[in-house]
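One structure is given here, and the rest of the page talks about it.
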Amino acid sequence: QVQLVESGGSLVQAGGSLRLSCVASGRIVGIVNMGWGRQAPGKARELVASSPTGGAINYADSVKGRFTISRDNRKNTVTLQMSSLKPEDTATYYCYCRDRDYNNYWGQGTQVTVSS
């Protein structure tokens with residue numbers, strides 16, 4: 001069974017920074033992609049950043065230049081360094097991974113609240 005556990009969410013003032021971490025564990029054979037999504041109240045989940053295995057990193061336009069995703073393939077971890085946070089970044093942030101059979105797995109989420 002695959003599990004993803006996020007951590008690092010907090011309350012932060014606008015302009016501040018946070019670092020989110022995620023660890024994937026369980027019976028996962030091969031990860032082809034890991035990344036982050038977020039969901040604000042009343043809105044659909046959106047992809048924030050992804051790091052395909054052997055591929056180029058992708059960012060949502062809204063976070064480019066402010067967020068940085070990184071992976072440690074040895075530990076099956078992915079982090080999201082968030083800087084210059086804005087109130088509109090307030091959301092529950094979810095870590096995800098995709099295995100080589102195209103199964104998508106999501107964590108339970110960690111709350112990020114940016115106050116003005």
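Atom CZ in Arg98 sits 10.5 Å away from atom CG in Asp101 (nearest 0.5 Å). In this structure, OH in Tyr59 is found 6.5 Å from CD1 in Ile69, a value given to the nearest 0.5 Å. One distance of note links CG of Leu85 with OG of Ser116; it measures 13.0 Å at 0.5 Å rounding. Taking CG of Leu80 as the reference point, atom OG of Ser21 lies at 9.5 Å (rounded to 0.5 Å).
The shortest distance between side-chain heavy atoms of Gln81 and Ser17 falls below 4.5 Å. A heavy-atom distance below 4.5 Å is found between the side chains of Arg66 and Lys86.
Applying the side chain to side chain donor-acceptor pair (under 3.5 Å) test to pairs two or more places apart or on separate chains, none has a residue in residues 6-16. Residue pairs meeting the ring-ring contact (aromatic ring centres under 6.0 Å, His included) criterion with at least one member in residues 67-94, sequence neighbours excluded, do not occur.
Contact record, Cys95 with Met34: SG-CE, 4.3 Å, taken as the closest heavy-atom pair.
In the hydrophobic clustering of ILVMFWY residues, with side-chain heavy atoms under 4.5 Å counting as a link, Val12 and Leu20 come out together. The hydrophobic cluster containing Tyr96 does not contain Val78, counting ILVMFWY residues as joined when their side-chain heavy atoms lie under 4.5 angstrom apart, directly or transitively.
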Show me, pair by pair, the donor-acceptor contacts under 3.5 angstrom made by side chains of residues 45-54, not counting sequence neighbours?
| unit_1 | atom_1 | unit_2 | atom_2 | d |
| --- | --- | --- | --- | --- |
| Glu46 | OE2 | Arg38 | NE | 2.9 |
| Glu46 | OE2 | Arg38 | NH2 | 3.4 |
| Ser50 | OG | Asn58 | ND2 | 3.4 |
| Thr53 | OG1 | Ile31 | O | 2.8 |
| Thr53 | OG1 | Arg71 | NH1 | 3.0 |
| Thr53 | OG1 | Arg71 | NH2 | 3.1 |

List the atom pairs, donor and acceptor, that lie under 3.5 Å between side-chain atoms in residues 106-113 and the rest of the protein, sequence neighbours left out.
| unit_1 | atom_1 | unit_2 | atom_2 | d |
| --- | --- | --- | --- | --- |
| Thr110 | OG1 | Gly9 | N | 3.0 |
| Gln111 | OE1 | Thr92 | OG1 | 2.9 |
| Gln111 | NE2 | Ala91 | O | 3.4 |
| Gln111 | NE2 | Thr113 | OG1 | 3.3 |

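Side-chain heavy-atom separations under 4.5 angstrom define the hydrophobic clusters, and Leu11 shares its cluster with no other residue.
Between Lys64 and Asp61, at least one side-chain N (NZ, or NE/NH1/NH2) sits under 4.0 Å from a carboxylate O, which counts as a salt bridge.
Side chains of Asp99 and Tyr105: a donor-acceptor N/O pair is present below 3.5 angstrom, by distance only.
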Could you check Cys97 against Leu4 for side chain to side chain contact (heavy atoms under 4.5 Å, CB included), going step by step and ending with a plain yes or no? CA-CA 8 Å; Cys97 71; Leu4 297 169; 4.0 Å; yes
Can you list the steps and then say if Val5 with Cys22 is a side chain to side chain contact (heavy atoms under 4.5 Å, CB included)? CA-CA 5 Å; Val5 180; Cys22 173; over 6 Å; no
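Evaluation of the side-chain hydrogen bond (donor to acceptor under 3.5 Å, both in side chains) rule for Ser70 yields Thr79 as partners, not counting sequence neighbours.
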